[in-house]
Engineer: 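For reference, the structure I am asking about is given below.
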Amino acid sequence: MIAAVLFDMDDTLYPEASYVRSGFRAVGRALAERGLADAAEAADVFIGIHFGEGRDRVFNKAAERIGFPEELVPTLVATYRDHEPEPLDFYDDVVDVLAALRPRYRLGVVTDGWLNVQGAKARALGVADHVDHVFLADQLGRARWKPHPEPFHRCLEALGAPDPAQAVFVGDNPERDVVGARNAGMHPVRIVRGDAYFGGADDADAAPVITSLTELPALLDTLESSS
């Protein structure tokens, strides 16, 4: 029996790249307000570094290329994290599948990352309108982000479905989501989306893999019949 289906948020329910671009546009505007750069051009530099060179030291590299003082980096990082994002859109397969699952299962979201960042993303998506509970792991502190089992258990408790063996977790990250779900005693399902950060990563844990949420209802039927 499956009683609850929980989901990761970033690159599972929506493309995280859209939030990243929104954040860097906010940073570009902050630099423009200080007279240090053109907003759009600065945003393009940040976005180009992030997606072209990787996530490490994006702000420091941008300081050198745009020409703003490196002492501003902590302030701009805060601007990125604190900005209220532009409207975010679910992947095309999300809303209809959640609506189809909701009469059958308790639905939840477990997401980690900085509390204000993940809360802003959830609001911009309106995710709470489509599931029964959203749990932000940073409420427990960074030491209990996924793959720690407690965020999963807290969400299940809030759903009134505390038995992890009767729950499925769907996420894109092999370590945080697949290993985390197993740590919590849940059934993991990995979603692999081509445009996602972990889209090309192999799943060494041999969890069931889907490439669209439209495949999930049939998989849930299979899991139920085998449990």
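Side chains included, hydrogens not; waters and symmetry mates left out as well; all remaining heavy atoms used. On a predicted model such as this, the values are computed, not experimentally measured, just so you know.
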Engineer: Taking the six-membered ring for Trp, are Y19 and H83 closer than 6.0 Å centroid to centroid?
Structural biologist: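 Ring-ring flag for Y19/H83: true, centres closer than 6.0 Å.
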Engineer: Taking K146 first and then D177, would you say they form a salt bridge - that is, a charged N and a carboxylate O separated by under 4.0 Å?
Structural biologist: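 So K146 pairs with D177 through a salt bridge.
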Engineer: Testing the basics here: between V134 and A128, what is the closest heavy-atom pair and its distance to 0.1 Å?
Structural biologist: CG2-CA, 4.2 Å
Engineer: Quick check: are there more than 12 heavy atoms from other residues, nucleotides or ligands sitting under 6.0 Å from CD of E175?
Structural biologist: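 Incorrect, the count does not exceed 12.
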Engineer: If you draw a 6.0 Å radius around CD in E84, do more than 12 non-hydrogen atoms from other residues or ligands fall strictly inside?
Structural biologist: yes
Engineer: For residues F59 and F46, establish whether the separation of their ring centroids is below 6.0 Å.
Structural biologist: yes
Engineer: What heavy-atom pair brings V209 and E215 nearest, and what distance separates the two atoms?
Structural biologist: O-OE1, 4.4 Å
Engineer: Walk me through it: do H130 and L13 pass the test side chain to side chain contact (heavy atoms under 4.5 Å, CB included)?
Structural biologist: CA-CA 11 Å; H130 301 277; L13 299 182; over 6 Å; no
Engineer: Would you say the side chain of N183 lies within less than 4.5 Å of the side chain of H153, judging by non-hydrogen atoms?
Structural biologist: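 SC-SC contact between H153 and N183 ruled out.
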Engineer: Restricting to non-hydrogen atoms, name the atom on L115 and the atom on D138 that form the minimum distance, rounded to 0.1 Å.
Structural biologist: N-OD2, 2.9 Å
Engineer: Mind jotting down which residue pairs meet the side-chain hydrogen bond (donor to acceptor under 3.5 Å, both in side chains) criterion with at least one end in residues 24-51? Sequence neighbours excluded, please.
Structural biologist: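 Checked against side-chain hydrogen bond (donor to acceptor under 3.5 Å, both in side chains) - neighbours excluded - the pairs reaching residues 24-51 are R25-E86.
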Engineer: Please test R193 against D93 for side chain to side chain contact (heavy atoms under 4.5 Å, CB included), starting from the C-alpha separation and ending with a verdict.
Structural biologist: CA-CA 11 Å; R193 298 190 183 273; D93 56 2; 3.0 Å; yes
Engineer: Report yes or no: does Q118 contribute a side-chain atom to a donor-acceptor pair with the main-chain N or O of D112 at less than 3.5 Å?
Structural biologist: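 Yes; judged by distance alone, with no hydrogens or angles, the pair exists.
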Engineer: For a quick test of reading the model, state the closest non-hydrogen atom pair linking I66 to A37 and the distance between them.
Structural biologist: CG2-CB, 3.8 Å
Engineer: Within the structure provided, determine whether L220 and Y105 are in side-chain contact (heavy-atom separation under 4.5 Å).
Structural biologist: yes
Engineer: L101 and F7: side chain to side chain contact (heavy atoms under 4.5 Å, CB included), yes or no, with the steps?
Structural biologist: CA-CA 12 Å; L101 294 179; F7 299 87; 4.1 Å; yes
Engineer: As a test of understanding, state which of V178, V109, V5 forms a side chain to side chain contact (heavy atoms under 4.5 Å, CB included) with V170.
Structural biologist: V5
Engineer: Do K61 and D56 sit within salt-bridge range, that is, some charged N less than 4.0 Å from a carboxylate O?
Structural biologist: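 Between D56 and K61 there is no salt bridge, as every charged N stays at least 4.0 Å from the carboxylate O atoms.
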Engineer: Any ion pair linking D8 and R176 (charged N to carboxylate O, less than 4.0 Å)?
Structural biologist: no
Engineer: Can any side-chain N or O of R102 pair as donor or acceptor with the backbone N or O of V131 at less than 3.5 Å?
Structural biologist: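 Flag set: sc R102 to bb V131 pair under 3.5 Å.
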Engineer: Roughly how far, to the nearest 0.5 Å, is the CZ atom of F68 from the CG atom of L31?
Structural biologist: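 The CZ atom of F68 is 5.5 Å from CG of L31, to the nearest 0.5 Å.
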Engineer: Calculate, to the nearest 0.5 Å, the distance between atoms CZ and CZ belonging to R144 and R154 respectively.
Structural biologist: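 These two atoms lie 8.5 Å from each other.
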Engineer: How about L36 and L72: do any of their side-chain heavy atoms sit closer than 4.5 Å?
Structural biologist: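 Counting from C-beta outward, L36 and L72 do come under 4.5 Å.
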Engineer: Heavy-atom count around R57 CZ within 6.0 Å, excluding the residue itself: above 12?
Structural biologist: no
Engineer: Taking all atoms of both residues into account, what is the closest heavy-atom pair of G28 and A42, and its distance?
Structural biologist: CA-CB, 4.1 Å
Engineer: In sequence, state the C-alpha distance, the side-chain angles, and the governing distance for F169 and V110, and then conclude on side chain to side chain contact (heavy atoms under 4.5 Å, CB included).
Structural biologist: CA-CA 9 Å; F169 189 81; V110 179; 3.9 Å; yes
Engineer: Please lay out, stage by stage, how E70 and N60 fare under the test side-chain hydrogen bond (donor to acceptor under 3.5 Å, both in side chains).
Structural biologist: CA-CA 6 Å; E70 198 160 358; N60 302 83; 2.6 Å; yes
Engineer: Shortest non-hydrogen contact from F135 to C155?
Structural biologist: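 The pair with the smallest heavy-atom distance is CB-CB, 4.0 Å.
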Engineer: So if I apply the side chain to side chain donor-acceptor pair (under 3.5 Å) rule between Y14 and each of D11, D10, T12, which one comes out positive?
Structural biologist: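 Looking at D11, D10, T12, the match for Y14 under the side chain to side chain donor-acceptor pair (under 3.5 Å) is D10.
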